[in-house]
Amino acid sequence: MLNKGLVFTNDNCTGCNRCIIVCPILGANYAREENSLSRIYVDGEKCIHCGSCLRSCNHKAREYKDDTEEFFSDLERGEQISLIVAPAFTANYSKQYGAVLGYLKQKGVKHFYSVSTGADITTWAYLQYILKHQLSGGISQPCPAIVDFIEKYEPSLLSKLIPVHSPMMCTAVYLKKYLKNTDKLAFLSPCIAKKVEIDDANTKGYVKYNVTFSKLMGKIGDVSMDKQAAEELEYGLGSLYPMPGGLKENVEFFLGKDQFIRQIEGEEQVYDYLKKYAKRIKGKKEAPFLIDALNCSKGCLYGTGTEADKNDEEEILMELQKERGKSQRKDKKNPFDPSVPESTRLIRLNEHFKALDINDFIREYNHNAKVAEREMTESDYQKILKEMKKDTLEKQKFNCSACGYSTCKQMAKAIYNGYNKKENCVHYIKDELELEKACIHKMTNELKAAKVAKEAEYKNIFMIFDKLHTSIEELGEQNEHTAVDTLDMSEALEQLRRYAELLKDSLEEIEKFILDYENTNRIVVNISSKTNMLALNASIEAARAGDAGRGFSVIANQVRLLAEKTKEAVDESRKNSDALLPAIHELKEKSKIFVDTIFEVNEKTKTIAATAQEVAVQSEVIGSVSGEIAEKMEKILE
Ligand code: SF4
Ligand code: SF4
Ligand code: SF4
C-alpha cells in the first residue's frame, strides 16, 4: 500500500520532511527519489490516518480519499441512502446545516439522523461495561486513529480498549437493529480515519460511506435550499462527544468526579502517552479510572476531515453550549437533568435505554494487525552511523531534526528499516560536500599545475607550428620553382622528341636511298655482265679477223676488263650496303623507341609539373591555416 492508502502524497511534494516531523509513526512516511528529487510518500499500511501531515504540509502535497464521489454517484443511481450526521457538522455549519441537508434531500437522501443519539448509547454502554467488569484503566475508543494505533503499534493495550462501539456505530446499530432502517448508511464525518472503522470487519459493514465535511462542502459549495432538519431522535449530552473531554464530561455526569479520568488529545501528545501507558500497565503500576483519548487536539470539532481553518472557533463552541443547554432540561425522566444526583441520573439513563441489548453495541478488535518493525541492534546502529559519516560522538548527537526525525538514532532506525536514506541527512550531505570541496580544491591545484605544463606544451606546439608554417611556405615556394623547372624540362623534352622524330625520318630516307642504290647496282651488274659478254664476243671476232682485228681485240679486252672492274666495284658496294642496311634498320627501330620513351617521360614530367603546382597552391592554404593556428596559440599563451 505504498502511497495507495487513504492518505497519499501528490506531485507537489518538495521533500521538505515536515510530514516526517509531525508524524507519530516512524515508518508511515518513506523517502524515495524521483527525477533527482527526494519525495516523501505514505505507507498506507503503517499510516494511522491521524491527519497531522495534511495539516502541516505547506505545499498541498498531502491529500486523502473518502467516499463522497461514490456516495453521490450511488444517489444518482437511485440507491436508498440515509445519512447519519456527526454533531460536529451542526456545530461547524450552524447557519448552512439545514440548507445542506435540504440539498442532500433533493439529491435523494432518505433520512437524516444525528449521531448524538448514538453517543448517548455509547455513554450508557461504557458505564454498563465498566461497572459490570469493574474495569479500571480502560481507554475510550470513539477515535479510530487511536484504535488504529493500538491495534498496529501497542496491541498490549487492546485489553484496555473498551469494546463498545463508537457513537457513529452505536447510531448505525440502533437504526439497523431497533428502527429497522434498511437503507445504506452514509456518515457525514469530521474524520478521515472513520473510513478505516467502517471498513473494519468488526463493524460489519453497517455504514457504507464516509463523507467528510471538507470533501462534501468542496463539492457542493454554498447551497441555498429549503432547510431540512434531521429526524431528531431524542438525545442528551452525546452532542458533546466531538469536543475534547466530551466523553469524560458524560461519564463524570453519571459517576461523579471521584474517579480520575485522564483526558489526553493531540497527535503530538496522545501517542507518546499511550506508549508510556503501555509500559505502565506492563509494570503493573496504578492506572487512571478511564482514559479519554482523542487524536485531534481540538477534538472532532476540528477533525481531520473538517474545514478547520474556515470556521470560527467561538461560534462552534457557542453552538455546543446551546446543545448542552438543550439537553439539560428539567424533567423527571431526563437522565441529563443536572439538578438530580449522579446516582439518579444513572438510574434514569438505564431506564431510558432499557430496551437495548448491550451485546448489540459491543465490538471486537483486530489482534493481528501489529506492524512489524525490524529492531535495530547496537552493532546495526553503529554500522549505519558509520555509513552516515557520523564517526564521532559529537556528530552522533547533532539531533537537528532536519531529516524529520527527532534524533539521529530515529533516522538511523528509519534507514535500517528502509524508510529513509542517509542522503536525507543534512550533515551527511554537508560532510559529503566538504569532501567534495576538498576534492575540488585538490583538483583545482592539479589543474593549475596541469595548466602550467600545458602552457609549456602549447609553447612547444606553437614553436613547432611556427616552424611548420615557415617550412610550408618554403615548400610552397620550392614547389613553385619545381613546377616552373619541370615545365621547362617538359618543353626541352618535347623539342628532343621532335629531333628524334626527324632523325628517325632521316634514317628511313637513308634506308630507302640504299635500297634504291642497290637496285641501280643490280642494273649496273647486269649491264657490265652483258658488256663483258659483248667484249668477249668482240675479242673472239677480233682474233678471227687476225691482224686487222688486233686493235679491236685490244679495245674489246679493255672493255671486258672495265666491265669486270665495274662488276667488282658494284659487288664491293653491295657488300657495304648489305652490311649498312641492318645497322640503319636497328637505328631506326631504336629511334622509334627513343621517341616513345621521350613522349612518356614528357607526359610524366607534365604530371609532376601539375602536381607541383597543386602542392604549391595547397602549401599556400596550409601555410595560411598553420599561420592562423600559430597566431591563436600565441594569443592563448598571452
Ligand atoms: S510536508 Fe511532506 S508531503 Fe508535504 S511537501 Fe514536505 S515532504 Fe512533501
Ligand atoms: S496521516 Fe498521520 S500517520 Fe499517516 S502519514 Fe500522515 S502524519 Fe503519519
Ligand atoms: S479526534 Fe476525532 S477527528 Fe480526530 S482522528 Fe479522532 S475521531 Fe478523527
Side-chain angles (χ1 to χ4, degrees), residues 1-66 143-154 189-197 199 210 212 214-215 265-275 293-298 300 302-306 308 369-371 373 401-406 410-411 413-414 417-421 423-426 429:
M1 283 259 278
L2 297 184
N3 216 37
K4 294 207 167 25
L6 291 183
V7 178
F8 60 96
T9 302
N10 64 29
D11 289 345
N12 293 343
C13 180
T14 60
C16 71
N17 296 334
R18 203 173 156 80
C19 46
I20 297 179
I21 296 175
V22 298
C23 182
I25 306 300
L26 183 78
N29 292 281
Y30 66 97
R32 286 290 178 275
E33 198 164 298
E34 251 179 27
N35 304 325
S36 309
L37 260 184
S38 177
R39 287 208 164 126
I40 310 297
Y41 294 108
V42 183
D43 183 335
E45 272 165 15
K46 297 193 173 83
C47 172
I48 57 165
H49 316 101
C50 72
S52 190
C53 56
L54 285 141
R55 281 192 275 261
S56 304
C57 178
N58 291 327
H59 303 278
K60 295 191 172 21
R62 282 279 157 105
E63 293 182 54
Y64 73 90
K65 298 171 198 158
D66 73 354
C143 177
I146 300 283
V147 174
D148 212 9
F149 175 78
I150 291 176
E151 285 183 336
K152 287 176 178 168
Y153 299 102
E154 288 297 342
S189 150
C191 178
I192 298 168
K194 278 290 171 190
K195 176 69 180 161
V196 179
E197 185 180 341
D199 284 350
N210 186 42
T212 57
S214 176
K215 297 267 186 198
E265 54 265 326
E267 318 90 318
E268 285 173 24
Q269 284 84 33
V270 71
Y271 300 107
D272 278 344
Y273 174 83
L274 289 172
K275 282 180 204 164
L294 288 179
N295 170 75
C296 299
S297 59
K298 292 182 181 175
C300 308
Y302 291 89
T304 52
T306 64
K370 185 169 169 47
V371 171
E373 204 151 73
S401 292
C403 56
Y405 304 98
S406 53
Q410 285 291 90
M411 173 61 157
K413 198 173 171 192
N417 277 281
Y419 309 147
N420 218 313
K421 52 193 176 138
E423 289 79 5
N424 278 354
C425 166
V426 284
I429 298 288

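For ligands, and for the atoms within them, numbers begin at 1 and follow the listed sequence.
For atom 1 (S) of ligand 2, the closest non-hydrogen atom on the protein side is G51 N, 3.3 Å. Of the protein's non-hydrogen atoms, the one nearest atom 6 (Fe) of ligand 2 is C53 SG, 2.3 Å. Regarding atom 4 (Fe) of ligand 2, its nearest protein heavy-atom neighbour is C47 SG, 2.4 Å. Among all protein heavy atoms, the one lying closest to atom 3 (S) of ligand 2 is I48 N, 3.5 Å.
Defined by atom type and a distance below 3.5 Å, a donor-acceptor pair is present between the side-chain atoms of Y271 and N295.
Contact annotation: the side chain of P190 approaches that of C300 to within less than 4.5 Å [non-hydrogen atoms, C-beta and beyond]. At a threshold of 4.5 Å between non-hydrogen side-chain atoms, the residues C47 and I25 do not count as touching. Side-chain contact check for M411 versus N420: some heavy-atom pair is nearer than 4.5 Å. T304 has its side chain out of reach of L54: every pair of non-hydrogen atoms, C-beta onward, lies at least 4.5 Å apart.
Note on C23: not counted as a metal contact of atom 6 (Fe) of ligand 2, no N/O/S atom lying under 2.8 Å.
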TODO: Give the intermediate values and the outcome of side-chain hydrogen bond (donor to acceptor under 3.5 Å, both in side chains) for residues Y64 and T212.
DONE: CA-CA 10 Å; Y64 73 90; T212 57; 2.8 Å; yes
TODO: Give the C-alpha distance, both sets of side-chain angles, the deciding distance and a yes or no for side chain to side chain contact (heavy atoms under 4.5 Å, CB included) between E373 and Y419.
DONE: CA-CA 11 Å; E373 204 151 73; Y419 309 147; 2.9 Å; yes
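Take atom 6 (Fe) of ligand 1 and draw a sphere of radius 2.8 Å; the protein N/O/S atoms inside it number 1.
Atoms of ligand 2 found under 4.0 Å from any heavy atom of H49 (numbered from 1 in listed order, with element): 1 (S), 4 (Fe).
In this structure, K275 forms no cation-pi arrangement with Y153, as its terminal cationic atom is not both closer than 6.0 Å to the ring centre and no more than 45° off the ring axis.
When the options C50, A193, S56, A145 are ranked by their closest heavy atom to atom 7 (S) of ligand 2, first place goes to C50.
Residue pairs meeting the side-chain hydrogen bond (donor to acceptor under 3.5 Å, both in side chains) criterion with at least one member in residues 1-11, sequence neighbours excluded: T9-R62, N10-E63.
Crowding of E268 atom CD: a count of heavy atoms from other residues, nucleotides or ligands under 6.0 Å not exceeding 12.
In this structure, V22 does not count as a contact residue of ligand 2, since none of its heavy atoms falls inside 4.0 Å of the ligand.
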